[in-house]
Amino acid sequence: MNLATSVTARDLQHGYGEGFARTPVLHGLSLDFRAGELSLMMGASGSGKSTLLAILGGLLRPQSGTVELLGTAIWQLSARDLERFRFHNCGYIFQGFNLFPALSAVEQVALPLLFGGERESQSLKRARESLDEVGLTARMTLRPAQLSGGEKQRVAIARALAGSPKLLFADEPTSALDSSNGEIVIALLQKIAREHGATVITVTHDPHLGKHAERIIHLQDGRIADDALPVRASRAAALISLPLTPPEPLS
Amino acid sequence: MPLSLARATLLHEWPRFLPGVLSVAFAGILMLVQLGLLLGMFGTVSVLIDSSDAQLWITSPETQSFDESRDIPASLGALIRSQPEIEGSDALRTYDAEWRLDSRVRVGVVLVGLDASGDAPSCPEPMRAALCARLAEPMAVVVDRAELDKLGADVGALAEINGHRVRVVGISQGLRAIGATYVFASTQTLRAISDAPLPGIDSATFILARVKPGTDLKALRDRLQSLLRPSAYRVWSRDEFSNGTQRYWLTESGVGAGFLFSSLLGLIIGIVITSQTLRAVILASLREYATFRAIGVPSSKLGAVVLEQSLWIGIVGAALTLLLSALIVALAHAFYIPLKLTGWAIFVAVVIGIFTAGISGLLALRALYKVEPAVLLR
């Protein structure tokens with residue numbers, strides 16, 4: 001397993017609103033993530049976990065601080081270069097599945113590749129491989145309306161995977177699913193981290209997912225309250241509320 | 001078939017696109033039918049020019065339109081006939097009169113006096129086969145089928161024009177004009193009805209000439225115009241006189257401006273509805289588009305999807321325009337409504353349909369370019 005640092009965030013500050021109405025969300029956060037690991041970011045709503053994910057994933061410019069992905073300081077790139085960087089290195093999975101109702105599963109997955117300039121035959125081939133990997137070989141020609149919630153999220157994962165991303169960002173990927181489908185999805189994400197050596201950063205509020213993660217980061221009011229390596233899967237749930245290591249000092 | 005998000009969405013969610021297609025189609029029909037009526041109506045004001053067998057027309061100098069002409073001496077015909085390129089020449093006379101039938105029907109008509117022979121240049125094409133010759137009978141008249149109701153007449157009917165008894169000996173077709181009800185008679189009949197002027201002074205409204213095949217019409221017209229003083233007479237080619245008459249009606253009546261205004265209105269309404277339709281489609285898939293933006297697909301590629309959709313809306317809308325316009329033209333024809341569509345009018349309507357949809361697509365793009373992938377994470 002490759003454990004090189006792939007994501008480095010330093011002194012991230014962000015808030016919404018201006019002047020007196022400004023609500024700070026992140027207070028100078030610094031974090032590193034390693035390739036081949038599935039990290040969970042947990043916290044109550046308003047703790048800043050989704051904002052942090054957006055900043056790390058190159059979707060939201062922080063008010064101050066730096067983010068290096070794979071050695072590139074992404075917030076110093078031009079908008080077009082950042083777009084290109086995301087296209088070649090990042091995958092995203094969102095809470096809603098965000099699939100086009102008109103397209104079959106294999107088309108959903110192939111379309112981003114096609115937009116990236118790949119030939120159609122090649123795009124469809126990679127889309128099929130990707131759907132194979134998430135276990136949807138038999139459901140490739142179905143449209144979203146014909147798929148269950150769990151299957152739709154697996155299509156979304158296959159779409160994120162098709163570009164062979166080195167970084168995968170997932171926002172509440174299981175919150176719209178029942179627990180058994182949630183298990184399938186998180187196990188898939190872990191497999192992607194291990195087998196593809198990808199850095200998988202997942203925001204969740206589901207404590208049951210802890211047993212699949214290499215690392216659990218707890219956010220509270222825009223600060224890291226706890227950054228733990230779950231020792232045993234069976235005790236993961238307990239670990240979430242029991243800090244083993246002191247919070248990272250703030251800079 | 002290659003994978004296209006635009007087409008797949010159009011086929012799968014066609015009811016969403018229907019308002020756009022219909023508004024493009026109706027904007028096109030509105031324009032085309034108006035244009036057709038305009039062409040049809042103002043085409044009729046020059047119907048006697050267009051259907052004549054005369055390539056040259058001579059009028060009084062200030063004449064701008066067929067129905068606004070002053071009399072000129074009929075003796076000019078002799079001068080015209082002396083030119084070697086002229087094959088035949090005769091006079092056409094018009095005379096405002098009152099038509100009466102029974103005690104109920106009283107209609108102002110324009111009596112058209114022609115040479116009562118089928119091969120005279122003044123004999124209109126639809127009457128050449130038989131009707132012109134039939135006018136040789138004293139006090140015989142021909143009226144157009146589209147005017148029968150107005151005149152209360154049919155073949156064999158007896159009527160009065162300015163107190164003179166006339167008999168309808170035939171019905172023509174396609175010689176109806178807006179602004180005038182034509183009643184055709186021979187020159188002799190017209191003279192009898194109009195209480196001919198002093199003997200020796202024979203006047204005509206127009207002198208017409210048919211030229212020999214292969215003649216340079218423009219050169220001949222110029223030569224005749226130099227022979228006849230421009231201050232006294234004007235020499236026209238048939239097309240010039242026809243176009244001049246139609247242009248006169250178009251500008252004098254103000255209908256041209258009305259047409260432009262209402263077509264523009266139709267166009268704007270079409271663009272507003274179509275762009276709102278496309279916007280609604282974009283908004284319905286906003287999260288999907290945002291996901292693609294997150295992945296790093298450039299806005300321009302997603303914009304191309306919307307423009308392709310708008311292009312298809314334009315094509316389908318224009319096709320619908322053509323289909324419905326064909327129906328309307330057939331219907332108008334059945335009711336003798338002068339609605340005429342030319343090839344270029346149809347071409348313009350198709351182009352405008354696609355243009356409407358294209359502009360709508362561009363307007364709708366704003367919704368797409370505002371998509372921020374970060375909205376997915378809030």
Side-chain angles (χ1 to χ4, degrees), chain A residues 16 49-61 79-104 106-108 110-117 119-121 123-124 127 143-145 156 159-160 162-163 165 169 171-172 203, chain B residues 1-18 20-21 277-278 280-310 312-313 316 364-365 367-378:
Chain A
Y16 295 108
K49 56 189 192 301
S50 287
T51 301
L52 179 59
L53 190 75
I55 291 172
L56 294 175
L59 301 178
L60 180 68
R61 180 179 290 277
R80 185 72 196 94
D81 285 341
L82 177 57
E83 229 168 62
R84 241 177 250 135
F85 182 88
R86 293 203 308 259
F87 190 84
H88 289 113
N89 300 294
C90 304
Y92 301 86
I93 297 157
F94 300 107
Q95 185 176 357
F97 318 118
N98 306 336
L99 302 175
F100 285 101
L103 300 182
S104 68
V106 67
E107 290 169 339
Q108 308 273 3
L111 198 60
L113 301 173
L114 207 59
F115 278 134
R119 280 208 324 279
E120 183 161 338
S121 56
S123 303
L124 289 171
R143 293 208 176 101
R159 177 172 65 189
F169 301 92
D171 181 45
E172 305 275 11
V203 161
Chain B
M1 205 186 283
L3 172 56
S4 149
L5 176 59
R7 228 177 26 245
T9 308
L10 273 167
L11 291 175
H12 187 253
E13 296 167 48
W14 63 267
R16 274 185 195 280
F17 293 91
L18 201 58
V21 170
T277 302
L278 284 165
V281 173
I282 292 173
L283 292 179
S285 287
L286 204 59
R287 298 186 73 82
E288 287 75 33
Y289 281 122
T291 304
F292 274 43
R293 292 287 296 119
I295 293 170
V297 175
S299 294
S300 58
K301 299 248 177 175
L302 300 178
V305 172
V306 175
L307 289 184
E308 189 188 332
Q309 285 171 341
S310 65
W312 282 113
I313 288 180
V316 176
L365 277 185
L368 188 67
Y369 276 80
K370 272 193 259 174
V371 170
E372 275 297 326
V375 298
L376 296 170
L377 287 170
R378 274 178 209 155

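Lettering follows sequence order; numbering is per chain, from 1. Everything numeric here is computed off the predicted structure, so don't read it as measured data.
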Sequence-distant partners of B:F17, ring-ring contact (aromatic ring centres under 6.0 Å, His included), two or more places apart: none

Residue selection (most heavy-atom pairs with chain A, distance under 4.5 Å) from B:A294, B:S285, B:A290, B:A8: B:A294

Listed once per pair and sorted, the salt bridge (charged side-chain N to carboxylate O under 4.0 Å, His left out) pairs that draw on residues 84-101 of chain A, sequence neighbours left out: A:D81-A:R84

Engaged part of A:L99 at the chain B interface, taking heavy atoms whose separation is under 4.5 Å: backbone

Option in B:H12, B:E13, B:K301, B:E372 with maximal non-hydrogen atom pairs under 4.5 Å from chain A: B:H12

Side-chain touch B:S300/B:Y369, heavy atoms, less than 4.5 angstrom: yes

Atom group of A:P165 that falls short of 4.5 Å from chain B, counting heavy atoms: neither

Option that, when pairs with chain B are counted at under 4.5 Å, heavy atom only, ranks first among A:R159, A:E172, A:H88, A:R80: A:R159

B:L3 side chain reached by A:L111 side chain, heavy atoms, under 4.5 Å: yes

For chain A, the option from B:A284, B:G296, B:A304 that forms the most heavy-atom pairs under 4.5 Å: B:G296

Chain B contacts, top residue of A:P112, A:A54, A:G91 (heavy-atom pairs, under 4.5 Å): A:P112

Chain B contact via A:F115 - which portion, at a heavy-atom distance below 4.5 Å: both

B:L307 side chain reached by B:S310 side chain, heavy atoms, under 4.5 Å: yes

Contact check, side chains of B:L278 and B:I313, non-hydrogen atoms, under 4.5 Å: yes

Expected output: side-chain B:R293 to main-chain B:V297 donor-acceptor under 3.5 Å: yes

Options A:F169, A:Y92, A:F100, A:F94, ranked by heavy-atom pairs under 4.5 Å with chain B, top entry: A:F100

